[in-house]
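Just so it is clear, the structure is predicted and the values come from calculations on it, not from any experiment.
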Amino acid sequence: MNDSKPSQSVARVMLVDDHPHGREGMREILSGDRSFEIIAEAKSGEEALELMEQQQPDLVLMDIRMPGMGGLEATQRIKSRWPAVKIVMVTVSDDIADLFEAIKRGAQGYLLKNITPSQWLEYLRAVAYDEAPMSKELAARLLLEFTGALGQSGRAPTNPLGGSPRPEPRLNVSSTTPLTEREKEILERVAYGDSNREIAATLGISEHTVKNHLKNILQKLHLDNRVQLARYAIQQGMDDRT
């Protein structure tokens, strides 16, 4: 079943994974949804850079670990040359260090390979159409990291995508921020990983209004994407409470 909206354009996608089975798995998930068109596949970071020049995709699904140039380095190089492209890291690792490094390199998202195809598609549609700040997994892990809820292993004690409760945001964004009170409310929901629709429902406003607020927030804070925005929200809230 295709949940995409008719008014939305098709996202042109490049798959990057050194394992043929990895690319095949991603291809199978995306091929059933008309929101996406796979235009290129690469088996290394080096090949991904070459194909970026030729194909100019809208969205890149990037394996994090590959021989030669790995996914993190490839992401950084791609974002430096094509900042508008959206990159989602795809990995079997739930190491918190990998997650934060991916964000530092410019990735818009982080997906574990073991989640269901429907979760993949829901999240990737949201990323492609700027409708969600990050996956629920990523939001929960960021909150856990900044609230000190991670164990010594550096892994989350529960899997948020498996149905475990997520921590509610308890942020107290600094009064010196240039944001309005409404923008602060939206920022808090971004930290929780809510989609535009969820934010709109929670605050009793339209999705269009949410999008306008998010655009203004990013401009005021000089941030590039909504993953960075969530990190800012959580870091500001935690610092202000200490």
Establish whether Met62 and Leu51 are linked, either directly or via other cluster members, by ILVMFWY side-chain heavy-atom contacts under 4.5 Å. yes
I need the Leu203 CG to Thr209 OG1 distance, nearest 0.5 Å. 10.5 Å
pair Val10-Ser35: side-chain heavy atoms closer than 4.5 Å: no
Counting heavy atoms not belonging to Lys215, are there more than 12 under 6.0 Å from its NZ? no
Start with the C-alpha gap between Gln119 and Thr116, add the side-chain angles, then the distance that decides, and say whether side chain to side chain donor-acceptor pair (under 3.5 Å) holds. CA-CA 5 Å; Gln119 289 172 320; Thr116 67; 3.1 Å; yes
Nearest non-hydrogen partners of Met89 and Ala102, listed with the distance: CG-CB, 3.6 Å
Using salt bridge (Lys or Arg N to Asp or Glu O under 4.0 Å), reason through Glu53 and Arg81 one step at a time and then give a plain yes or no. CA-CA 10 Å; Glu53 191 76 52; Arg81 294 185 61 186; 2.4 Å; yes
Determine, using the 4.5 Å side-chain heavy-atom cutoff (strictly less than), whether Met69 and Ile78 are members of one ILVMFWY cluster. yes
Is it the case that over 12 heavy atoms from other parts of the model lie below 6.0 angstrom from the CD atom of Glu73? yes
Arg189 vs Glu185, salt bridge (Lys or Arg N to Asp or Glu O under 4.0 Å): CA-CA, chis, key distance, verdict: CA-CA 7 Å; Arg189 302 317 305 177; Glu185 289 178 320; over 6 Å; no
What distance do Asp17 atom CG and Met26 atom CE have between them, rounded to the nearest 0.5 Å? 4.5 Å
Within the structure provided, determine whether Leu49 and Trp82 are in side-chain contact (heavy-atom separation under 4.5 Å). yes
Under 4.5 Å between side-chain heavy atoms, counting indirect links through other Ile/Leu/Val/Met/Phe/Trp/Tyr residues: same cluster for Ile39 and Val127 or not? no
Rounded to the nearest 0.5 Å, how far apart are CD of Glu207 and CG of Asn196? 6.0 Å
Decide yes or no for Val60 and Val88: does some side-chain heavy atom of the first lie under 4.5 Å from some side-chain heavy atom of the second? no
Test side chain to side chain contact (heavy atoms under 4.5 Å, CB included) on Lys220 and Glu183 and set out the steps. CA-CA 10 Å; Lys220 286 182 179 181; Glu183 288 169 345; 2.9 Å; yes
So, do His213 and Arg182 sit near enough that their side-chain heavy atoms are less than 4.5 Å apart? yes
Flag the pair Met52 / Met14 as yes when at least one side-chain heavy-atom distance between them is below 4.5 Å, and no otherwise. yes
Check whether any side-chain heavy atom of Leu61 lies under 4.5 Å from a side-chain heavy atom of Leu15, and answer yes or no. yes
Side chain to side chain contact (heavy atoms under 4.5 Å, CB included) between Glu24 and His19, worked out: CA-CA 9 Å; Glu24 180 182 1; His19 294 292; over 6 Å; no
On a heavy-atom basis, the closest approach of Leu121 and Asp33 is CD2-CB, 3.9 Å
